[in-house]
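Side chains are part of it too, since the values below use all heavy atoms of this structure and drop only hydrogens, waters and symmetry mates.
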Amino acid sequence: MSEPTPRPAASGAKDQVARLLTLVPYLHARDSVRLDEAAVALGVSPHQLLKDLKVLLMCGLPGGYPDDLIDVDLDALEDPGGDGVIRISNADYLARPLRLTPTEASAVIVALRALRNGASQDTRQVVDRALAKLEAAAAEAGSARIDPGRDGADVDTALLARRLQEAATQRRQVRLTYFVPARDEESVRVVDPRGVVTGQGWSYLDAYCHSADAPRLFRLDRVSAADVLDSRTTTEPEPPRDLSEGLFARSSATTVATLRLAPPARWVVDYYPVEEVRALGEGPDAPWEIDLLVADRRWLTRLLLRLAPHARVVRPEEFTDTFLDEASRTLGLYEHLT
């Protein structure tokens, strides 16, 4: 394989900064490298690389004192008896995770968004991933310093949120593959997205689910696949719900009912306005106790009939009485059939 021909180095400050930004991580990843080898790898002449190294001597931490600046062994490069090997020291901080203040992060986010507008598709994918890291980190950091080196799952969730929000804006349907922990299974459904919202520390897609024939919230970390379809949404456009006061709206007409659920009835927590879930013991067979918002006693009675015998009311007692009366009446209907 032939070695790449060094390209002429532009003399402008902008081009030199670009070369230094490439040079620093290249050198930091290697303990030592010969000047001519580095020049070929970086696509510049050895003479230009030596000039860039002399500029690197003036770079480092704020303060500008000798101990703050990167040190380059120029004797090894310029002296006739030198071995021509590039060695840098006092640059250990280059390996530290990048930390940004909220102001610095905001400036980078604005710059990346501007870059994305005129970028190619390949570049947009890289920019989107960087934006997702910064935006996800900034959302949680508040006034603290921001660490863009976040876990990959957070970045993937942020990218998914961006794509689903675009689908909602364009009014395009989405096919979701969604994990339902209460049933320990994945389901596939087509939804009309309304927008991505955040509540109780989680990101959700607020959408109309055609399988349930009702609006639903889908936690993004439980979405294993999301295919944006060519088909347009068929429901009337609505803004996503406000989760600032909790996942479910609460009014004076609602009552909190506490239910005890056996494992076959746990699917309730993914479909109805549950305020709190408490595991009563260890292991997969331990029952759950949930606090459920109820606006219509008749609705709760019908739900309990569906869940029987895997659910019962803990409180308030009047809900238990209503359910038992309705269950007795229903069983009486079967007696007439025998």
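Atoms CG and CZ, on Asp192 and Arg216 in that order, are 14.0 Å from each other to the nearest 0.5 Å. Atoms OG1 and CZ, from Thr235 and Arg171 in turn, are 6.5 Å apart once rounded to the nearest 0.5 Å. Taking OG1 of Thr169 as the reference point, atom CG of Leu164 lies at 10.5 Å (rounded to 0.5 Å). For the atom pair CD of Gln173 and OG1 of Thr234, the computed distance is 5.0 Å after rounding to the nearest 0.5 Å. If you take CG on Leu160 and CG on Leu176, they are separated by 8.0 Å, rounding to the nearest 0.5 Å. The line from CZ of Arg175 to CG of Leu229 is 5.0 Å long, rounded to the nearest 0.5 Å.
Under the 4.5 Å side-chain criterion, counting only non-hydrogen atoms from C-beta, Cys209 is in contact with Phe218. Counting heavy atoms from C-beta outward, Val228 and Glu166 have side chains that stay 4.5 Å or more apart. With a 4.5 Å cut-off on side-chain heavy atoms, Pro215 and Arg194 count as touching. Two residues are said to be in side-chain contact when any heavy atoms from C-beta on lie closer than 4.5 Å; Leu35 and Leu53 meet this criterion. Considering only heavy atoms from C-beta on, Leu49 stays 4.5 Å or farther from Asp36 through its side chain. Here the side chains of Leu77 and Lys54 are not in contact, with every heavy-atom distance at 4.5 Å or above. Two residues are said to be in side-chain contact when any heavy atoms from C-beta on lie closer than 4.5 Å; Trp267 and Leu307 meet this criterion.
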**Request:** Go through Lys51 and Val44 one step at a time and tell me if the side chain to side chain contact (heavy atoms under 4.5 Å, CB included) criterion holds.
**Result:** CA-CA 11 Å; Lys51 291 175 62 177; Val44 296; over 6 Å; no
**Prompt:** Are Leu292 and Leu300 close enough, and set up right, to give a side chain to side chain contact (heavy atoms under 4.5 Å, CB included), and what steps lead you there?
**Reply:** CA-CA 9 Å; Leu292 182 71; Leu300 178 61; 4.0 Å; yes
**Request:** Take Leu205 and Val174 through the test side chain to side chain contact (heavy atoms under 4.5 Å, CB included) and record every step on the way to the result.
**Result:** CA-CA 11 Å; Leu205 173 66; Val174 176; 5.5 Å; no
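When hydrophobic clusters are built by joining Ile, Leu, Val, Met, Phe, Trp and Tyr residues whose side-chain heavy atoms come closer than 4.5 Å, directly or via intermediates, Val190 is not grouped with Tyr204. Cluster annotation: Val55 is connected to Val33 through the hydrophobic network of ILVMFWY side chains, with a link wherever side-chain heavy atoms come within less than 4.5 Å. In the hydrophobic clustering of ILVMFWY residues, with side-chain heavy atoms under 4.5 Å counting as a link, Val85 and Leu74 come out apart.
Arg260 contributes no side-chain N or O that, together with a main-chain N or O of Glu289, makes up a donor-acceptor pair within less than 3.5 Å. Judged by distance alone, with hydrogens and angles left aside, the side-chain atoms of Thr177 form no donor-acceptor pair with the main-chain N or O of Ser224 at under 3.5 Å. Of the possible polar contacts, none joining the Arg312 side chain to the Leu304 backbone as a donor-acceptor pair under 3.5 Å is found. Between the side chain of Tyr178 and the backbone N or O of Ala226 there is no donor-acceptor pair closer than 3.5 Å. The closest donor-acceptor contact from the side chain of Gln165 to the backbone of Val196 lies under 3.5 Å.
The number of heavy atoms from other shown groups lying within 6.0 Å of NE2 (His210) is above 12.
Residue Leu261 comes nearest to Arg266 through the heavy atom pair CD1-CA, 4.3 Å, listed as atom of the first residue, atom of the second, then distance. Nearest heavy atoms, Arg189 versus Ser187: NH2-OG, 2.6 Å. The nearest pair of heavy atoms linking Pro193 to Ala207 is CA-CB, 3.7 Å. Closest approach of Pro46 to Ala39, counting heavy atoms only: N-CB, 3.7 Å. Nearest heavy atoms, Ala168 versus Gly195: CB-N, 3.8 Å.
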